[in-house]
K.L.:
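Shown below is the structure under consideration.
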Amino acid sequence: MDIVTIDGPTSSGKNSVGFLLAQKLGYQYIDSGSIYRAGCIFILRKQIPLEIKEKIVEQFMNLQIEVKVSNQSMRFLANGEDVTDHLHDGDVTKIVPIVAAIRQVREATRLIQQKLAQSKNIVMTGRDIGSEIFPNAKFKFFLTADVEIRANRRFKQLVQKDPAVKYEDVLKDMQERDQQDSEREVSPMRVPKDAIVIDNSNLTVEQTVEQILKQIYAQS
């Protein structure tokens, strides 16, 4: 099976680019970050304290993930429930970096990711997909953009749901998340070996996808 990995920091366009790229290639799209977020939804729902790591790991060991495309949009199912509309809830976003830094959680998620890639050609996005999950993937990309541009992208998304959101807070949170992802002990975010780096600070989603397609066709 062909695997295209796209890694990068928050709001580097991974999800939008990955989804459109998968459509153009006729591949399955998987946002690995949504797996962590889905697990966090159940952790919050069951009110599991973040200090009790074995209970948190248990949620991921038993997590069943399915991805469906409906009306040109991706729906994310966890344990048979469509959780798409809650993946980016504020309380979920707050605990994701903490939960994702747990070694056993990442190991459980790795098994989910690899299982999803067993039967279909896929485009998978994340922060360690090309470096840790599929290091031998033929096509590996790393998207990046200036942190202020990324913060502005995220701000535009969040302010639609909550007009009280402030850009300065979004920027601060993003800078902290970048630091957490880069410095965490387990699977830190880094540019995967042999990955092609694309700075899309001044590129649209479509332009970014076109650049990736050119690289894929050149290597095929």
Side-chain angles (χ1 to χ4, degrees), residues 1 3-7 10-11 13-23 26-129 132-134 154 157-162 165 173 177 180-181 186-187:
M1 295 297 167
I3 299 172
V4 180
T5 69
I6 302 177
D7 290 301
T10 298
S11 294
K14 300 186 301 293
N15 294 349
S16 299
V17 168
F19 184 69
L20 180 58
L21 178 65
Q23 285 187 309
Y27 287 10
Q28 168 77 68
Y29 171 63
I30 305 292
D31 166 25
S32 69
S34 291
I35 300 173
Y36 290 100
R37 288 177 175 274
C40 287
I41 287 173
F42 291 98
I43 289 167
L44 289 166
R45 188 178 294 175
K46 296 181 180 181
Q47 299 182 330
I48 299 173
L50 296 181
E51 298 78 23
I52 307 181
K53 292 185 178 180
E54 60 269 23
K55 289 290 185 180
I56 291 175
V57 173
E58 183 180 335
Q59 295 304 307
F60 283 86
M61 293 289 290
N62 296 319
L63 194 60
Q64 300 295 318
I65 297 296
E66 185 179 1
V67 180
K68 293 183 178 181
V69 176
S70 176
N71 297 323
Q72 298 299 305
S73 66
M74 187 185 71
R75 307 304 299 179
F76 202 86
L77 282 69
N79 298 338
E81 176 185 345
D82 188 337
V83 297
T84 309
D85 296 334
H86 299 289
L87 291 172
H88 292 276
D89 285 354
D91 52 353
V92 173
T93 297
K94 186 176 181 180
I95 70 168
V96 164
I98 301 170
V99 172
I102 300 173
R103 182 180 298 276
Q104 297 93 326
V105 167
R106 300 199 76 84
E107 290 172 353
T109 304
R110 178 198 294 264
L111 295 177
I112 296 172
Q113 292 165 326
Q114 293 177 338
K115 181 179 179 181
L116 289 169
Q118 285 179 352
S119 59
K120 297 179 180 179
N121 295 327
I122 65 164
V123 174
M124 187 175 291
T125 59
R127 289 174 173 77
D128 65 348
I129 308 305
E132 298 289 339
I133 310 304
F134 299 110
R154 178 53 60 88
Q157 293 174 337
L158 296 177
V159 78
Q160 292 179 1
K161 292 184 178 181
D162 182 4
V165 172
D173 289 345
R177 180 65 192 271
Q180 289 174 325
D181 288 338
V186 185
S187 298

K.L.:
Between I56 and Q104, is the side chain to side chain contact (heavy atoms under 4.5 Å, CB included) condition met? List the steps.
P.N.:
CA-CA 9 Å; I56 291 175; Q104 297 93 326; over 6 Å; no
K.L.:
Apply side chain to side chain contact (heavy atoms under 4.5 Å, CB included) to I129 and I6, showing your working.
P.N.:
CA-CA 7 Å; I129 308 305; I6 302 177; over 6 Å; no
K.L.:
Are the side chains of V99 and F60 in contact, using a 4.5 Å heavy-atom criterion?
P.N.:
yes
K.L.:
Does the plane of the ring in F19 sit parallel, tilted or perpendicular to the ring in Y29? Use 30° and 60° as the thresholds.
P.N.:
perpendicular
K.L.:
With a cut-off of 6.0 Å (strictly less than), are more than 12 heavy atoms of other residues, nucleotides or ligands near CE of M74?
P.N.:
yes
K.L.:
With the side chain counted from C-beta on, respond yes when H86 and V92 share a heavy-atom pair under 4.5 Å apart, and no when they do not.
P.N.:
no
K.L.:
Salt-bridge test for D7 and R127: reply yes if a basic N is under 4.0 Å from a carboxylate O, no otherwise.
P.N.:
no
K.L.:
Please check this pair: side chain of D82 against backbone of T84, looking for a donor-acceptor N/O pair closer than 3.5 Å.
P.N.:
yes
K.L.:
For the pair M124 and Y27, evaluate side chain to side chain contact (heavy atoms under 4.5 Å, CB included) and give the outcome as yes or no after the intermediate values.
P.N.:
CA-CA 10 Å; M124 187 175 291; Y27 287 10; over 6 Å; no
K.L.:
Which atoms form the tightest heavy-atom contact between I133 and R110, and what is the distance?
P.N.:
CD1-CG, 3.9 Å
K.L.:
Are Q114 and F134 close enough that some pair of their side-chain heavy atoms sits under 4.5 Å apart?
P.N.:
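The answer is yes; the side chains approach within 4.5 Å.
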K.L.:
Working to the nearest 0.5 Å, report the span between CD of E107 and CE of M61.
P.N.:
9.0 Å
K.L.:
With heavy-atom distances below 4.5 Å as the criterion, would you say the side chains of I41 and R45 are in contact?
P.N.:
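With C-beta onward as the side chain, the pair touches.
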K.L.:
So does R75 pair up with D85, basic N to acidic O under 4.0 Å?
P.N.:
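Salt bridge between R75 and D85, a charged N being under 4.0 Å from a carboxylate O: yes.
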K.L.:
Other residues, nucleotides and ligands only: do more than 12 of their heavy atoms fall within 6.0 Å of NE2 on H88?
P.N.:
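For H88, atom NE2 is crowded (more than 12 foreign heavy atoms under 6.0 Å).
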K.L.:
So V83 and L77, do their side chains get closer than 4.5 Å, heavy atoms only?
P.N.:
no
K.L.:
A side-chain contact here means heavy atoms from C-beta on lying under 4.5 Å apart; do L63 and I65 qualify?
P.N.:
yes
K.L.:
What are the two closest heavy atoms between G18 and T125, and how far apart are they?
P.N.:
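The pair with the smallest heavy-atom distance is CA-CG2, 4.1 Å.
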K.L.:
Can you tell whether the side chains of R177 and D181 come within less than 4.0 Å, N to carboxylate O?
P.N.:
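Yes, R177 and D181 are salt-bridged.
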K.L.:
About how many Å separate CG of D173 and NZ of K94, when rounded to the nearest 0.5 Å?
P.N.:
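So the gap between those two atoms works out to 10.0 Å.
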K.L.:
Please determine whether a side-chain nitrogen of the Lys or Arg among D128 and R106 lies less than 4.0 Å from a carboxylate oxygen of the Asp or Glu.
P.N.:
yes
K.L.:
For the CD1 atom of I43 and the CD1 atom of I48, what is their distance to the nearest 0.5 Å?
P.N.:
6.0 Å
K.L.:
Quick test of your reading: applying side-chain hydrogen bond (donor to acceptor under 3.5 Å, both in side chains), list the pairs with at least one residue in residues 50-59, sequence neighbours left out, ordered by first then second residue.
P.N.:
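Qualifying pairs, neighbours excluded: K46-Q59.
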K.L.:
OG/S32 to CG/L116 distance, rounded to the nearest 0.5 angstrom?
P.N.:
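Separation between the atoms: 10.5 Å.
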K.L.:
Kindly indicate whether the side chain of I112, heavy atoms from C-beta on, has any atom under 4.5 Å from the side chain of Q64.
P.N.:
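No, every pair of side-chain atoms sits at 4.5 Å or beyond.
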K.L.:
Checking side chain to side chain contact (heavy atoms under 4.5 Å, CB included) for the pair V4/I122: CA distance, chi angles, key distance, verdict?
P.N.:
CA-CA 6 Å; V4 180; I122 65 164; over 6 Å; no
K.L.:
To the closest 0.5 Å, what do you measure between SG (C40) and CG (L50)?
P.N.:
8.0 Å
K.L.:
Restricting to non-hydrogen atoms, name the atom on Q28 and the atom on V67 that form the minimum distance, rounded to 0.1 Å.
P.N.:
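Where Q28 meets V67 most closely, the heavy atoms are NE2-CG1, 3.5 Å.
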K.L.:
Can you tell me how far the OG1 atom of T93 sits from the CG atom of L87, to the nearest 0.5 Å?
P.N.:
9.0 Å
